[in-house]
Amino acid sequence: MSFERNALILAGSAIGAGFAMIAGIGPGIGQGLAAGKGAEAVSYNQKNSKKSTLVMLLGSAVAETSGILALVVALILLFMNPLIGVEGTGLVLAASAIGAGLSMIAGIGAGIGQGYAASKGTEAVGKRPKLQPAIVRTMFLGQAVAQTTGIYALIVALVLMFINPFV
Amino acid sequence: MEGITSEALILAASAIGAGLAMIAGIGAGIGQGYAAGKGAESVGRQPEAQGDIVRTMLLGAAVAETTGIYGLIIALVLLFVNPLLGML
Amino acid sequence: MEGITSEALILAASAIGAGLAMIAGIGAGIGQGYAAGKGAESVGRQPEAQGDIVRTMLLGAAVAETTGIYGLIIALVLLFVNPLLGML
Amino acid sequence: MEGITSEALILAASAIGAGLAMIAGIGAGIGQGYAAGKGAESVGRQPEAQGDIVRTMLLGAAVAETTGIYGLIIALVLLFVNPLLGML
Amino acid sequence: MEGITSEALILAASAIGAGLAMIAGIGAGIGQGYAAGKGAESVGRQPEAQGDIVRTMLLGAAVAETTGIYGLIIALVLLFVNPLLGML
Amino acid sequence: MEGITSEALILAASAIGAGLAMIAGIGAGIGQGYAAGKGAESVGRQPEAQGDIVRTMLLGAAVAETTGIYGLIIALVLLFVNPLLGML
Amino acid sequence: MEGITSEALILAASAIGAGLAMIAGIGAGIGQGYAAGKGAESVGRQPEAQGDIVRTMLLGAAVAETTGIYGLIIALVLLFVNPLLGML
Amino acid sequence: MEGITSEALILAASAIGAGLAMIAGIGAGIGQGYAAGKGAESVGRQPEAQGDIVRTMLLGAAVAETTGIYGLIIALVLLFVNPLLGML
Amino acid sequence: MEGITSEALILAASAIGAGLAMIAGIGAGIGQGYAAGKGAESVGRQPEAQGDIVRTMLLGAAVAETTGIYGLIIALVLLFVNPLLGML
Amino acid sequence: MEGITSEALILAASAIGAGLAMIAGIGAGIGQGYAAGKGAESVGRQPEAQGDIVRTMLLGAAVAETTGIYGLIIALVLLFVNPLLGML
Ligand code: NA
Ligand code: NA
Ligand code: NA
Ligand code: NA
Ligand code: NA
Ligand code: NA
Ligand code: NA
Ligand code: NA
Ligand code: NA
Ligand code: NA
């Protein structure tokens, strides 16, 4: 097994990119919840369907974040691999690429949670359109709180990719 | 494994990476199914609002599809383009 | 493993990648089952709207199937076409 | 592992890939069980609509089965047909 | 691992594949348990419909069992028949 | 690992396969716990139907146990019978 | 790894298998916690039925414990009995 | 890896096995949190039944803790007792 | 890998084991978040019972934290104490 | 891989362990999002109690954050302190 050092790093990057994409489970579930509640809101308050649909889309946009971050990490690994030019042992850098991908999986949580918040925001605005500002403010505040562990994961992934302390 | 080349190692890992990326699709499947259920329920309650309900369900489901598409794109890139080989 | 070729390593990884890609199907199974449950419940409540309810359920379920199909396609590509071999 | 051939590596990976593909079945199990619960509940509430309820439940469950079947097919292909061996 | 044969590698992978295939059973366990809970709740509410409720619950649970059975079959094939060995 | 025999590799993989097979038990644990919660709730609401409720809960839970048992059987086969060794 | 014996490989895999088997316990933890929540809720609503509610909750929770116990038994067998070693 | 002994391989696998065993704790965390939520809700609704509600919640949560404890025990056995080493 | 010692293999596996053990924390995160949601809902409905609601929520959340702490302890033991090294 | 040292193996495993530890963050994301949803719902129902609702939601969310922080700490220790290297 006398592979080139770069081959090992690139193989690790392929697997890391695959792991990172798993984060997409989160937005998929969460935005689906919002879609369901959006459809329901239309059924009990058809007049205000524009308002509830807007909240569904706003909340879902926030829930997309961790899917986008994961995609960016995967694209970086595949198209502008920062590890390949770094001095250091191939095995360590290959493992760093895999670790970065694994870390992004944390984004599942934010995606589901923020999507749930979007669904409840949509439902609430559908029921009480007049309270939209207060409902949406609370939704966004809660969504911001739910993002943090996804950000932590992104930081760990960026550290592994760009300022790898092991080299 | 003396006969195995660097290219082969990267391509083998790409096959596994492509498979992993598809797992993202679990999310859209669950979420869109939830929307389907809620859509059916809502249409049953207000059949006269069917058009709006289904349109909202489909709009929300389209949003929920994106991360599954991202996974598919990464898999297709690994299988058909594979930029990694060029970095060797 | 002296006898193992580059091709063999890629094909072995493709078998595992194909298996992983199928896991995406968990999502459609859960989501469509939820839709089935909600559809059955709604039909029980508004039998007169059965046509609309079932149509909406099936439309939503068709949307929820796609990421499972993506997974199947990637698996079939790995097993029957395998573009990776050609990149060696 | 001097004695291990290229074929053996592919077949070993196929055994693992087949096992992974079956995991897709988690989805249908959860989803159809949800439908079963909702069906039982609805039949208890509207016994007069039992026929419609059960038919909708079974129709929806059939839809939810597909990705589990996809997983089974990929596993059977890996175990009994194995197109990968022919690509060596 | 000089002494390890091709057959041994395939059989070792088959043991792991069999274990993985059983994981499919998570789905039926969750789904049928949900049905059990809904069945118990419904029987408590409409004891007079107990027969219909339990029949629907069991019918739905039977449907939910299938993907768990698929997993079991693949595991049994790997452990007792193992068609992969014959392809060597 | 010169001293490692073919039998040892298969038995090592069997230990891991047995552990994986037990994971199926997650399903029954969740599902039956759901049934327990619904059973307790229902008994609180209709104490006079306690017999019917608990019987339905236990019947449904027995159905939900099966895939966990399948996993246990596969693990026991791997650990105590191990048909794979005989195929060497 | 010249010094590594067949026994060592099996015992190392047994340590991992034991860890995997414990994961089954996720199910009972979720399920019984659900039952605890439903039990607490029901006792709050019908304090006069506390005895029946708690008894049903505990009976259901005992049923939900079994697959976690199966996992524990398989882990203990791997760690303290290890029938695999005797098959070498 | 010439310098790696049989004992080292077993101890390395034990470290991973211990980590895997802790994953069982996911269950109790979810379940007990559900109970906490239901307990808080119920205390808000029936403050006069607070004692009964909290007692039932804690009793149920204690039951839900067990499989997490099983995982911890297996991890501690692997890390501090390690009966596998003695079987070499 | 000629230069790799027994100690290095154990310490490498300990790093992975520590990472795995932290995954247990998923449970407390979900569960306590559920409790937070139910607490907020209940405080909105019965502001006069806020003290009791928040106390019960925090008590239940403390109980739900334990398995996450177990995982942390096992990780810290692996990283800072590592009893496995002493068993070599 | 002739050039791999003991230190490199430990650091490689630490990179993977750090990635695994972050997965704990799934829990807080789901849980806090649930709390956010319940908070938004409750503010919609009782706007006059908004202050109490949001305070309770944030308090509960802070509690739900801890296991995600534990995971982050373990990852940072592996990446920047790495006590394992010192044990070589
Ligand atoms: Na957070
Ligand atoms: Na999306
Ligand atoms: Na879809
Ligand atoms: Na389907
Ligand atoms: Na089925
Ligand atoms: Na079953
Ligand atoms: Na059980
Ligand atoms: Na328990
Ligand atoms: Na706990
Ligand atoms: Na916490």
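Side chains included, hydrogens not; waters and symmetry mates left out as well; all remaining heavy atoms used. Labels below follow one simple rule: chain letters A, B, ... track the order of the sequence lines, proteins then strands, and each chain is numbered from 1.
Chosen from I:Ile26, I:Val54, I:Ile74, the residue pairing most often with chain H at heavy-atom distances under 4.5 Å is I:Ile74. Taking chain I as the reference chain and counting heavy-atom pairs below 4.5 Å, the highest number among H:Ala64, H:Ala8, H:Gly17, H:Gly27 is found for H:Ala8. Each of H:Ala40, H:Gly31, H:Ser14 has some count of heavy-atom pairs under 4.5 Å with chain I, and the biggest count is that of H:Ala40. Note on H:Ile23, H:Asn82, H:Ile10, H:Leu79: by heavy-atom pairs under 4.5 Å with chain I, the leading option is H:Leu79. Ranked by heavy-atom pairs shorter than 4.5 Å toward chain H, the options I:Ala24, I:Gly19, I:Ala49 are led by I:Ala24. Comparing I:Leu78, I:Ile16, I:Leu58, I:Val43 by heavy-atom pairs within less than 4.5 Å of chain H, the highest count is held by I:Leu78. No other option in I:Ala21, I:Ser6, I:Ala35 has as many heavy-atom pairs under 4.5 Å with chain H as I:Ser6. Looking only at heavy-atom pairs under 4.5 Å with chain H, the residue among I:Ile30, I:Val81, I:Leu84, I:Leu11 that has the most is I:Leu84.
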Test H:Met57 against I:Val63 for side chain to side chain contact (heavy atoms under 4.5 Å, CB included), laying out the working first. CA-CA 10 Å; H:Met57 175 185 94; I:Val63 171; 5.8 Å; no

Evaluate the criterion side chain to side chain contact (heavy atoms under 4.5 Å, CB included) for residue pair H:Glu7 and I:Met87; output intermediate values, then yes/no. CA-CA 8 Å; H:Glu7 284 80 9; I:Met87 294 186 203; over 6 Å; no

Passes side chain to side chain contact (heavy atoms under 4.5 Å, CB included), I:Tyr34 versus H:Lys38? Steps please. CA-CA 9 Å; I:Tyr34 177 83; H:Lys38 278 294 177 185; 3.7 Å; yes

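Note that CG of I:Asp52 and CD of H:Glu48 are 10.5 Å apart. Values are rounded to the nearest 0.5 Å.
Looking only at side-chain heavy atoms (C-beta outward), H:Leu9 and I:Leu9 come within less than 4.5 Å of each other. The shortest distance between side-chain heavy atoms of H:Gln32 and I:Gln32 does not fall below 4.5 Å.
For chain I, the nearby parts of H:Glu41 are the backbone and the side chain; heavy atoms of each come within less than 4.5 Å. For a residue to count as touching a neighbouring chain, one of its non-hydrogen atoms must lie under 4.5 Å from one of that chain's; by this rule I:Thr56 touches chain H with backbone and side chain alike. With a 4.5 Å cut-off on non-hydrogen atoms, I:Ala18 does not touch chain H at all.
Closest heavy-atom contact between I:Thr67 and H:Ala28: CG2-CB, 3.8 Å. Contact between I:Tyr70 and H:Gly68 at its shortest, heavy atoms only, is CD1-O, 4.4 Å. I:Ala61 and H:Ala36 get closest at one heavy-atom pair: N-CB, 3.8 Å.
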